[in-house]
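Remarks on the structure that follows.
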Amino acid sequence: MASDEYTNFAHSDLEQFPVIIHLDLDCFYAQVESVRLGLDPSTPLCVQQWDGVIAVNYAAREYGISRHERIEKVKEKCPNCVLVHVETVGFPDQSSSRENVSNPDLLNHGKSETKVSLDRYREASAKIFQLLFSYSELCEKASIDEAYLDVSEQVQDILVATRNQRSSIGSIFEQLSMTEKERAYYFETIFQPFGKRELPLSQILSIGCAIAAKIRYAIYSQFNYTSSAGIAENKLLAKLGSSLNKPNRQTLISPKAVPFLLENLPLKKLRGLGGKLGTRIEERTNAKTAKEAQNVTLEKWNEIVGRENAEWIYNLVRGIDYSPVNARGITKSILAAKSFKAECSWEGMEKWIKILAYELCERLRKDETMNSRRPINFIVHYSSVGSVSSSKSIPFPNGKDRVSSLSRNAMKILKTANNFCFPCNRLSLSVTKFLKTSSDLGSIAAFLKPQENHQKLVEELVQESSSIKSSETTAEETASNLQQPPEKCKVVEVEQREEEDYILAQRMQVEEWLKLRSEGDYNCDDRRESRKKKRRVQTLDHFFHK
DNA sequence: ACGGGTTAGACC
DNA sequence: TGGTCTAAC
């Protein structure tokens with residue numbers, strides 16, 4: 001049915017076909033440490049947090065080491081593995097660490113007196129995102145090491161500029177003024193075959209691949225970090241693609257390959273279905289893979305997940321995803337948390353509150369120089385062993401000494417809370433809701449200047465306590481060359497199969513996309529607006545009831 | 001292996 | 001609005 005229609009539609013609308021890149025840094029924390037210490041990527045390295053590891057580089061994975069492994073096990077499996085503990089802040093307690101003097105890690109990283117700080121990775125991340133924004137303002141920070149980029153505009157420009165050369169790959173390279181090395185990244189792309197009808201589409205996505213290659217090469221040459229990317233027509237498929245050929249490779253997901261991709265894809269791999277919802281769906285439908293879940297009717301989805309989510313899921317299991325890339329670069333909240341076995345004294349609570357307040361204030365200070373904003377909401381979250389979890393918020397206190405001001409207020413909240421009880425399990429201080437302070441001038445330079453000495457800051461900020469400090473490992477400068485030789489493009493076999501359902505749905509997606517574009521600020525951040533739009537986009541009854 | 005620190009968003 | 005809950009990395 002759709003053959004001619006689809007062809008026509010392809011030629012008239014392809015120039016505005018969405019091109020989304022999902023970019024994912026490979027084992028990010030491990031890479032940050034490896035590069036910082038000037039190690040070769042072939043050196044096995046794990047990032048340690050207390051007794052476990054939270055990141056494992058690819059060299060260490062060869063030894064069968066995985067995340068969440070005990071340190072003991074890691075040493076067993078790979079005695080030479082470099083273990084780098086995450087930074088910590090707190091009051092090192094001399095008496096309890098005496099016995100561990102032989103082990104500097106334990107001395108500096110006592111779980112009972114310090115908390116983890118992920119600042120080093122946040123800063124590395126911030127620099128990468130700065131770079132990403134220069135490639136597309138439509139860049140969404142999905143996590144500390146993941147981003148979605150909507151490069152549709154750029155792709156369209158290239159397409160128009162190279163039209164008289166029939167958008168050959170050579171002309172695309174030229175238009176993007178790609179160097180040899182950038183081209184090498186492009187040629188490493190893992191493609192899936194296209195159907196004939198999809199040829200124009202393949203060009204579109206290929207241009208996205210060229211841009212992804214440029215970006216990944218830039219990240220590598222500037223920071224020595226390798227990354228993986230997925231290039232596709234929507235966020236869902238792009239995300240799937242980036243994980244397909246890790247590390248250090250990019251994967252193009254062609255529409256034709258989607259049925260194949262979904263065939264054996266565990267339902268829970270789909271974004272949003274990794275938790276309880278996914279489990280519930282498995283129970284109610286017996287579907288284990290995305291493909292199997294395609295047999296579930298819209299009515300049945302209605303029953304299982306409700307009216308609002310039914311269409312979303314119906315689309316999701318078909319690889320269809322209307323969600324726009326939100327231009328969102330900076331965080332909306334900042335949180336410092338610590339969990340412990342069982343803290344039973346007010347003295348203990350005060351100690352942790354001071355540590356958390358200190359860390360939070362440090363981060364707020366940086367945030368303010370970088371983003372010209374101040375928080376106006378302050379939240380204290382506490383939970384006790386009997387799973388009593390609660391939080392209280394107040395307007396952000398504006399004291400002269402921010403650390404003690406936050407500490408005092410947090411203490412007051414705990415003492416006056418009617419549901420707070422010992423022993424306490426977990427404590428967090430956070431801020432949300434920011435107000436702009438001034439214009440943005442000089443913010444980036446301020447952020448990039450070298451960190452001041454933690455120890456000094458501590459003495460200035462917290463006089464009453466002698467020894468909050470941050471552990472440090474020496475950093476050395478190295479520029480090791482981890483570029484790997486290009487491989488041949490792999491080709492994935494795809495069965496010939498009926499695609500009408502998919503193509504039709506895809507067409508709907510593009511039409512919705514074009515509509516959103518013509519309405520202007522489709523990526524606006526206003527919640528109510530975007531929710532309204534989302535609903536409109538997802539109301540496709542006339543199509544799905546057919 | 002559900003562990004520890006973060007973020008975001010939905011819901012009432 | 002505030003607070004709780006879920007999900008993701």
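In what follows, every heavy atom counts, from backbone to side chain, and hydrogens, waters and symmetry copies are set aside. Residue numbering restarts at 1 for every chain, and letters A, B, ... go by the order of the sequence lines.
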Pick base, sugar-phosphate or nothing for [X], based on heavy-atom distances below 4.0 Å to the nucleic acid.
{"X": "K141(A)", "value": "nothing"}
{"X": "A142(A)", "value": "nothing"}
{"X": "G274(A)", "value": "sugar-phosphate"}
{"X": "L277(A)", "value": "sugar-phosphate"}
{"X": "K268(A)", "value": "nothing"}
{"X": "S390(A)", "value": "sugar-phosphate"}
{"X": "I54(A)", "value": "nothing"}
{"X": "E69(A)", "value": "nothing"}
{"X": "K239(A)", "value": "sugar-phosphate"}
{"X": "D51(A)", "value": "nothing"}
{"X": "L335(A)", "value": "base"}
{"X": "R280(A)", "value": "nothing"}
{"X": "I379(A)", "value": "nothing"}

Measure from the side-chain heavy atoms of [X] and tell me the nearest of [options].
{"X": "K332(A)", "options": "dT6(B), dG2(C), dG9(B)", "result": "dG9(B)"}
{"X": "R122(A)", "options": "dG4(B), dT6(B), dA8(B)", "result": "dT6(B)"}
{"X": "Q49(A)", "options": "dG5(B), dA8(B), dG4(B)", "result": "dG4(B)"}

Exercise. Would you call K366(A) and E123(A) a salt bridge, using N to O less than 4.0 angstrom?
Worked result: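 Salt bridge present between K366(A) and E123(A).
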Problem set entry | Carboxylate-amine/guanidinium contact R280(A) E283(A), below 4.0 Å |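 E283(A) and R280(A): not salt-bridged.
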For this session: Identify, between N309(A) and R67(A), the residue whose nearest nucleotide on DNA chain B lies closer to the 5' end.
Result: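 It is R67(A), whose closest nucleotide lies nearer the 5' terminus.
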Exercise. Taking for each residue the nucleotide of DNA chain B bearing the nearest heavy atom, is the 5' side occupied by K341(A) or by I330(A)?
Worked result: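 Of the two residues, K341(A) wins.
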Exercise. In terms of ring plane angle, is the pair Y148(A) and H22(A) parallel, tilted or perpendicular, where the classes change at 30° and 60°?
Worked result: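 The arrangement is tilted - the two ring planes meet at 30° to 60°.
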Problem set entry | Atom pair distance, as rounded to whole Å: CZ in R328(A) and P in dA8(B) |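 Result: 6 Å.
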For this session: Nearest 0.5 Å please: distance from the CG atom of N245(A) over to the OG atom of S228(A).
Result: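 Between N245(A) CG and S228(A) OG, I get 8.0 Å after rounding to 0.5 Å.
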Exercise. Does the side chain to side chain donor-acceptor pair (under 3.5 Å) test come out yes or no for D119(A) and S117(A), once each step is laid out?
Worked result: CA-CA 5 Å; D119(A) 228 45; S117(A) 163; 4.6 Å; no
